[in-house]
Every structure is written in C-alpha cells, then in structure tokens.
Engineer: 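Take this structure, written in structure tokens, and hold onto it; I'll ask about it next.
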Protein chains: 2
Amino acid sequence: MSATYHHGDLRNALLVAATELLEAHGPAALSLRDVARSAGVSHNAPYRHFANRDALLDAIAADGFRALADDMRTVKGRQPADRLAAMGQAYVAAARARPGRFALMFAPPGAPDAFPATAAAAQHTYAVLAAAVREVVGRDDPVAVASAWALAHGLADLARHALIPADVALVTTATRRFARSLAASV
Amino acid sequence: MSATYHHGDLRNALLVAATELLEAHGPAALSLRDVARSAGVSHNAPYRHFANRDALLDAIAADGFRALADDMRTVKGRQPADRLAAMGQAYVAAARARPGRFALMFAPPGAPDAFPATAAAAQHTYAVLAAAVREVVGRDDPVAVASAWALAHGLADLARHALIPADVALVTTATRRFARSLAASV
DNA sequence: ACCTGAACACCGTTCAAGT
DNA sequence: ACCTGAACACCGTTCAAGT
C-alpha cells in the first residue's frame, strides 16, 4: 500500500480519499487532516501535492465539472431538442450521484481566485451546453443557454435540498418542455 | 452598549453581526467566535441564545427565506405571467443583494436535521411561487412550479459564480420568455 | 517523496465560577 | 439569567530534522 505513495500515487490517493469523505460528510466537514489519515499518511504529507486545502478542493471540483461535461457530451437523441433535454437530465443525475462534490462545485469555500481549475473546467461545461442550444435554435442565444443551464442547475440544486419532489419523471418532463418550447420558438 | 445585551437584545445583535460577517467573508469563514467578538461579548455568550453554530446559521438562513418570500409576494404586474416573471427577477435580485446569505440558504453546513427553521421557511417560499404559477396556468402544476423555481434559482446561483453573464437584461428576458411560454401553453 | 514531531494561532464546545 | 476565563480536542499551516 504505502509503497505506491512513494511512486507518485499519493496525489491520486488523496483525491480518492477526499471524494469519499466529501460524499460521506459534506464539504464543510472535510478536513485535510482527515484526508491524510484516510490515505494513511502524516497530516502534512498532502502539502507535497497541494499548496493548501483549497487547492485540493479545487482539483476535486474541477474533476466534477469535467465529469459533468463528459456526461452531457455523451448523451443520445435523434433531434437536437431531445439531446438538449437529455443533457439536462444527465446534469441532474450527475448531481444526484455525487451530491457532496456537486455542493463543492457551486460553493467553493474561499476566494474565487483560489479555485482556478474549477473556473476553467466550468467554462468548458458552458461550451458543451452552448453548442447543444445552438443546434436547437440555429444561432448563438446567450439567454437560451443561460436558461437551459439555469433550469438544469436549479432542478439539481433544489432536489438536493428536497425543496422540489425528488422525482425523475418531473425532471424528464421539465427538461422536455423547455427544449420543445425552445425549438418551437425558432 | 453592553447594557442592551442584558435586556434580551444579544440574540438580535448576534444575528446582525453574523449577517455582516457572512457577506464580508462567506459562510465557510464564519466563526462563532468572530461573531461574538464582533458583537462585543465573550466567545461563549452566544450559547445562551443558540444551541450551537448550526442553530445560529439556521436562524439566518430562515430569515433569508422569509425575506425572499416577502420580496416575491410584493411584486407588481398586470398579468399573472408578468407577476411570475417579476418574481423570478426579484429572486435573482435578492441573491445578488446578499450573496453570503443566499449561499448559506442553499449550502447548510451539516445534517439537514440541524436546519429545521430553514426547511420550514423554504416551504413557505415554495407556496408563494406555487400560487403565482397557479394564477398563470389555472391549475396545480408541480412541473411548472419546479421549473419556475429552478430557472430563477439557477440564474441566481450561476450568476453568483460568474458562470453566466451578470446581466440584468438577460435575467429579465429569460424570466419573461419562461412566463410567456407557460401562459401560452394553457 | 515521504515521515516524525513540535509548534502556532485558530476553532466549537463545555465547565466552573462570577455578577 | 447572563456573562466570564480556563480548558479540551480539534483544525490548517509551517518548520526542523530525518529516511
């Protein structure tokens, strides 16, 4: 086990351990010392790979945005509107699958400057969604892109807090209605 | 100064101080000891009014949801669809006015059980929105209510993280489009 | 690259005591 | 009742000295 840490695997082991703790106890309860303990190293070993706690969280949140973009990119559907709706559903499913990481992605604890990788990866997610919206409406439409992202994000975040029913059918219907009304507006 | 604390004002003074610190440094950086210092009392005086840190944050987040519901309720507009759009705009404006409190409302640090007042106040916000949607579509439509809340919440949360343009016109257009397509669907 | 171990200035929370 | 200082077990972070 610990032999691998001597071969450059500690960085990844820390990310895995942190992600597990994140899902178990939430972002606020995530301590660097816990992560180190969980990975079986001393409390200051993480500083060999991350400048500080924020840098570790930045890496995890950036991973989250990349995974989100991948999920959205690999969605299937015949019509552009179907694909856009499926993207929204994938977004909500991703939040549901890893609520701790999702919370971290949209609530970085600290100054925005401390999360550069997250910001860059989030722009990537925006680009994926913007391309899908463009396929539906045939042009760049920042309002439609913002609305599409807002709808998916809102459904995901509100469901996470049990403020709307945790109902897959509701999400399916909501994203379909949106995508169709967008397609009908052209 | 400290004389007023002896007359039952400390609870409110703590809430005011905490809200200020929340807006200045964000929820993650809010320490109970800082709040006490800021209010001019000893570090454990807050325990006379709040069971723990979560209980203080619960009170602030619940205030936030009540203020949000009030903002939405007092919105003007001739047509039901105009009022619904204005509610969405009021939601985004409220998040913009107090981003620290908004972040706290949707990222309570700890178990959901620790935030009962917040949960109750949030249900109230849902009811205000549901009534407005009912006026537009003429019936209970959980998908429409969830979509309306999700759109407003998503726009607010994404703008807060600079993931969509911080543009008032964009919010106005997005909420109007949504409200009109909802009215047109009946 | 990692470890031990100490140290610093913080936390949230509890306790015993003061008015 | 309300407030206080001392105390406990934690943190994040840094340092010194080792393998």
Side-chain angles (χ1 to χ4, degrees), chain A residues 1-22 24-61 100 104 107-111 113-115, chain B residues 1-22 24-61 100 104 107-111 113-115:
Chain A
M1 286 293 114
S2 87
T4 64
Y5 302 153
H6 290 268
H7 292 73
D9 213 16
L10 179 56
R11 187 190 145 94
N12 194 59
L14 291 168
L15 290 174
V16 170
T19 301
E20 275 170 20
L21 290 170
L22 201 53
H25 306 110
L30 186 76
S31 92
L32 207 46
R33 288 170 101 117
D34 262 346
V35 172
R37 256 190 296 273
S38 179
V41 296
S42 74
H43 68 269
N44 51 12
Y47 288 92
R48 295 289 142 192
H49 297 275
F50 300 98
N52 49 35
R53 181 177 183 266
D54 282 353
L56 171 67
L57 297 180
D58 184 34
I60 294 175
L104 175 66
D113 313 359
F115 294 82
Chain B
M1 288 291 116
S2 84
T4 65
Y5 301 153
H6 289 269
H7 292 74
D9 213 17
L10 179 56
R11 187 190 145 92
N12 194 59
L14 291 169
L15 290 174
V16 169
T19 302
E20 275 170 19
L21 290 169
L22 200 54
H25 306 109
L30 185 76
S31 90
L32 208 46
R33 288 171 100 116
D34 262 346
V35 172
R37 256 190 297 272
S38 180
V41 295
S42 73
H43 68 267
N44 51 10
Y47 288 92
R48 294 292 141 192
H49 298 275
F50 301 98
N52 50 36
R53 181 177 182 266
D54 281 353
L56 171 66
L57 297 180
D58 185 33
I60 294 174
L104 174 66
D113 312 0
F115 294 82

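Heavy-atom basis, side chains included; hydrogens, waters and symmetry copies ignored. In what follows, chains carry the letters A, B, and so on, assigned in the order in which the sequence lines appear, proteins first and then strands, with residues in each chain numbered from 1.
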Engineer: Spell out, as yes or no, whether a donor-acceptor pair under 3.5 Å connects the side chain of B:Thr19 to the backbone of B:Leu15.
Structural biologist: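 Yes, the answer is positive, given that a donor and an acceptor are paired below the 3.5 Å cut-off.
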Engineer: Over how many whole Å does the gap from A:Arg37 atom CZ to C:dC2 atom P extend?
Structural biologist: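 After rounding, the reported distance stands at 19 Å.
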Engineer: Could you give the CG-to-C1' distance, from A:Leu56 to D:dC11, as a whole number of Å?
Structural biologist: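 Result: 15 Å.
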Engineer: Whom does C:dT19 pair with, Watson-Crick or G-U wobble, provided both distances fall under 3.5 Å?
Structural biologist: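 Looking at the geometry, C:dT19 pairs with D:dA1.
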Engineer: Searching all strands shown, indicate the nucleotide that pairs with C:dT13 (Watson-Crick or G-U wobble; both distances under 3.5 Å).
Structural biologist: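 The base-pairing partner of C:dT13, which may sit in any strand shown, is D:dA7.
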Engineer: In this structure, how many angstroms lie between the C1' atom of C:dC3 and the CG atom of A:Leu10, rounded?
Structural biologist: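 Rounded to the whole Å, the gap is 12 Å.
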Engineer: Of the nucleotides C:dA6, C:dC2, C:dT14, which has the atom closest to the A:His43 side chain?
Structural biologist: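 Among the listed nucleotides, the one closest to the side chain of A:His43 is C:dA6.
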Engineer: Looking at D:dC11, C:dC11, D:dG12, which one has an atom nearest to any side-chain atom of B:Ser31?
Structural biologist: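 Of D:dC11, C:dC11, D:dG12, C:dC11 is nearest to the side chain of B:Ser31.
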Engineer: Using only heavy-atom distances, decide whether a donor-acceptor pair under 3.5 angstrom links the side-chain of A:Asp54 to the base of D:dG12.
Structural biologist: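 No, the side chain and the base share no sub-3.5 Å donor-acceptor pair.
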Engineer: Of B:Ala45 and A:Arg53, whose closest DNA chain D nucleotide lies nearer the 5' terminus?
Structural biologist: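 Its nearest nucleotide being more 5', the pick is B:Ala45.
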Engineer: From the options A:Val16, A:Leu21, A:Val41, A:Leu22, select the one residue that forms a side-chain contact (heavy atoms from CB on, under 4.5 Å) with A:Val35.
Structural biologist: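 Exactly one option meets the side-chain contact (heavy atoms from CB on, under 4.5 Å) with A:Val35, and it is A:Leu21.
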Engineer: Does B:His49 contact D:dA1 through a side-chain donor or acceptor facing the base, at a distance under 3.5 Å?
Structural biologist: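 Such a pair does not exist between side chain and base.
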Engineer: To the nearest angstrom, how far is A:Leu14 atom CG from D:dG12 atom P?
Structural biologist: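 Rounded to whole Å, this separation is 13 Å.
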Engineer: Between the base of C:dT4 and the side chain of A:Asn44, is there a donor-acceptor distance below 3.5 Å?
Structural biologist: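 A donor-acceptor contact between them is present.
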Engineer: Supply the atom-to-atom distance B:Asn52 CG to B:Tyr47 OH, rounded to the nearest 0.5 angstrom.
Structural biologist: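 Here the rounded value is 7.0 Å.
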Engineer: Could you say whether B:Arg48 or B:Asn52 is positioned toward the 5' end of DNA chain C, judged by the nucleotide with the nearest heavy atom to each?
Structural biologist: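 Per heavy-atom nearest nucleotide, the more 5' residue is B:Asn52.
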Engineer: Rounded to the nearest angstrom, tell me the gap between atom OH in A:Tyr47 and atom P in C:dC3.
Structural biologist: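 Distance, rounded to whole Å: 15 Å.
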Engineer: Consider the side chain of B:Asp34, meaning its heavy atoms from C-beta on, and name the nucleotide among D:dT14, C:dC11, C:dG12 that approaches it most closely.
Structural biologist: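 Ranking D:dT14, C:dC11, C:dG12 by closest atom to the B:Asp34 side chain puts C:dC11 first.
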Engineer: Would you mind telling me which residue lines up with the more 5' stretch of DNA chain D, B:Arg33 or A:Leu30, judged by nearest nucleotide?
Structural biologist: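 Between the two, 5'-proximity favours B:Arg33.
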Engineer: CZ of B:Phe50 versus C1' of C:dT13: gap in Å, rounded?
Structural biologist: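 Result: 16 Å.
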Engineer: Among the nucleotides D:dT13, C:dT4, D:dT4, which one has an atom lying closest to any side-chain atom of B:Val41?
Structural biologist: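 The answer is D:dT4.
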Engineer: Determine whether a donor-acceptor pair (N or O, by modelled atom type, separation under 3.5 Å) exists between the side chain of A:Arg53 and the backbone of A:Leu30.
Structural biologist: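 Pair found, side chain donor or acceptor close to backbone of A:Leu30.
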Engineer: Any donor and acceptor pair, going by atom type alone, linking the side chain of B:Arg33 with main-chain N or O of B:Ser42 inside 3.5 Å?
Structural biologist: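 No, B:Arg33 side chain to B:Ser42 backbone: no donor-acceptor pair under 3.5 Å.
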